[in-house]
Every structure is written in structure tokens, then in C-alpha cells.
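Below: one structure, written as C-alpha cells.
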Amino acid sequence: MKVLPSGVVPPRIVELDASNFNSYAYTLHQADMLVGNRQFLVNLVQRGDIQPETVGAIICDEAHFSAAASYRTIFNYFKDSPIAYFTGSKFRSDSQSLPYIRYEEVEDADELGKRAIGYAPVADYEFTVQDAWQLNPAPIKKLTYKEATSTAFLVEEDGREIEYEPEEFILKAQRDRAWFRQILLADSFCLPVLEMAVQILLAKRSATGQPHAMLVRALNIPHTHRVAKLLEENFPSLQGKVLAIHSEHEQHDLAGRASVLLEKFLAGEYWVVVHCGMLGVGFDHKWISVSCC
């Protein structure tokens, strides 16, 4: 990639592999760069296997996760090391701020279109999708967007479907936010989107013979299970092939190895993963070609 100037000796890089003790046990202190995941590094820190004065800089990818206590454990341990944050998601859905980051006030809008004030992290460098398209050759080969429309004013309340006039619906949504969020979970909102996504997924698998997969974002943990159930019950070809994963189903074990459930998805046993935030960013799988929320 021609990152280093001519004549500069490349650094010695060690990947910290939780499944292979020899990958780090004898090389940890001989490397110029160590690459590993957050949980693995926390374990090294807590055991004292790595000394803070030996680390000159920390590069944190998927930095929007750094609000978690485990990241603060790492940063506090290496308190004299500069930190470089990288992320493709500047905003957290829970609005938590990131440590050591400056924020600026920005004008935003809520889900009803009303003016709201938000706070955005100040980046030292940004590279946008538009920037990527201008490269030659562009790293993005193809990006397709298809919209599925729900019946917005036909909502489910107490097991019954009730139809609202647009003005009545908007007025009630403004008065009662709890009601508005609850009816967003209704099947009448979810199914049209899921039908479109499943149609695209099955067409891709049929046309190519390849194990294309789908990622579905839900609103919360109960909604994750509800969406997974909708997929199983309404699409016979997906029975037994839908995985629900969230913070109560750990993505990785304490050593940093992928969980059994996730390994089954990566191996193709599951075609669809429904989550509420765990896999939305920083999760790579070559056959995830359909995403919906």
C-alpha cells in the first residue's frame, strides 16, 4: 500500500489470537505493533501481562464503543499513551459521549421532525462515502437502496388493528411518546420491510448459488425476539435459519473468540441475524449483502 517511505523497515506486527497461545506468549514483547480485540486486551491489562510504559500509542477502531467501562479500563491503564480514534459511526444511539473527545452543538430533528439540539464529535479527519466514490478505482463496487413502505396509520393496539387519520396519528404521537414508540413495534410496521428484504435475499441466493446472508436491526431486545419470530413464522424457507443476538447472548467469550451462535452464522447454518445494536457496526462477513431496519 506504500504507506511507509522508501527504505524504512516494516514493523513487526503480532496478531493476538485467543485460540492460539503461541501467537502472543513468546512474541508479545518483541513486536512493534500488537493487534487484538478489546476483551483480549482487557485480559492482558488485568493480568499485568503488558506494561503501560512499553506502549507508545493506542489506535482504537470502532471508537463509538469506547464509552463502555472496559475501554476506560484500557485507556486509564495506558494513561501516558496517545490515543487515535477511528470510527464510521460518529453518533451513539444512547447519546453517551466518548472519552477524550470534543463535541460541538448542532441543530437536529427528532423522529417527528421537530427541531432539536444535538452534539456531534469534532473529528480531526473525515472520509465520506462521497469521497470514496471519487477514488479511481472506487472501493465501493455497488450500493443498492430499496424502500419498503409500512401502513403507517394502521397500528396495533392491545392485539387489535386500529386505523388513524394522518392528523390524528401525528397529534397522538406528539402527545404520547411512549405510545408512539410502542406502536413502532407492531407487526404492521415490520412485515412490509421484512418481506422486501427476504425477497431480495432469496433472489440473491437463488441467482448466484452463494450463501448470501441478511442483517436485521431491531429496536430493543424484546423487539429482536419478536422480529426473529416474525421471520420464522412468515417465511418457511427461513425456519431454523434465523439467529437473534444481543447483549444477553454474548458476541464473544472472555478470550475474544466468537460465540458458538456467531460461529454457526459465519459457517452458513443461519441465513439471518437479528440484533439491536451489537452487530450493526464493526462486524465483517463477506456474504452479508442484505441489511434492513
Side-chain angles (χ1 to χ4, degrees), residues 62 88-89 93 111 129 132-133 137-156 159 161 163 181-252 257-293:
E62 305 298 342
S89 306
S93 58
E111 65 269 19
V129 172
W133 280 119
I140 302 174
K141 296 179 180 179
K142 186 178 181 181
L143 190 63
T144 303
Y145 170 76
K146 292 191 177 182
E147 184 174 351
T149 303
S150 299
T151 307
F153 306 114
L154 180 64
V155 304
E156 183 180 322
E161 287 192 341
E163 186 170 0
R181 186 165 183 82
Q182 182 179 359
I183 58 96
L184 284 177
L185 307 180
D187 295 353
S188 58
F189 273 71
C190 301
L191 274 174
V193 178
L194 294 176
E195 287 170 356
M196 173 71 77
V198 171
Q199 178 184 343
I200 295 172
L201 174 66
L202 298 182
K204 281 176 169 284
R205 294 182 68 96
S206 175
T208 65
Q210 300 291 353
H212 286 272
M214 181 166 75
L215 199 62
V216 182
R217 170 67 184 265
L219 292 173
N220 51 38
I221 291 177
H223 193 224
T224 297
H225 289 288
R226 183 168 180 170
V227 170
K229 185 178 180 181
L230 282 175
L231 287 165
E232 291 265 7
E233 292 180 346
N234 289 274
F235 307 97
S237 57
L238 296 183
Q239 289 183 3
K241 300 185 184 301
V242 179
L243 168 63
I245 192 166
H246 47 73
S247 58
E248 295 174 7
H249 292 171
E250 288 296 343
Q251 179 183 354
H252 295 89
R257 291 180 289 260
S259 69
V260 173
L261 290 174
L262 205 52
E263 286 287 6
K264 288 183 177 181
F265 171 68
L266 296 173
E269 293 185 41
Y270 292 108
W271 296 7
V272 180
V273 173
V274 186
H275 71 104
C276 55
M278 286 193 70
L279 305 181
V281 291
F283 178 70
D284 296 320
H285 180 41
K286 67 179 292 186
W287 293 116
I288 292 180
S289 59
V290 182
S291 177
C292 73
C293 58

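- In this structure, the side chains of Leu201 and Val272 come closer than 4.5 Å at one or more pairs of heavy atoms.
- Minimum heavy-atom separation, Ser237 to Leu202: OG-CD1, 3.5 Å.
- Side-chain contact check for Met214 versus Ser291: every heavy-atom pair is 4.5 Å or farther apart.
- In this structure, the separation between CG on Asn234 and CD on Gln239 is 10.0 Å, given to the nearest 0.5 Å.
- Between Phe265 and Tyr270 the shortest heavy-atom distance is CD1-O, 3.4 Å.
- Partners of Gln210 according to the side chain to side chain contact (heavy atoms under 4.5 Å, CB included) rule, which considers only residues two or more places apart in sequence or in another chain, are Thr208, His212, Trp287.
- Smallest separation of non-hydrogen atoms from Ala244 and Thr224: CB-CG2, 3.9 Å.
- Closest approach of Val227 and Ala218 over heavy atoms only: CG2-CB, 4.5 Å.
- In this view, Glu195 and Leu191, Phe235 satisfy the side chain to side chain contact (heavy atoms under 4.5 Å, CB included) rule, not counting sequence neighbours.
- The list of salt bridge (Lys or Arg N to Asp or Glu O under 4.0 Å) pairs with a residue in residues 230-245, not counting sequence neighbours, reads Lys229-Glu233.
- Contact detail for Cys190 and His223: the closest heavy-atom pair is SG-NE2, 3.4 Å.
- Residues Lys264 and Leu243 are not in side-chain contact: their nearest non-hydrogen atoms beyond the backbone lie 4.5 Å or more apart.
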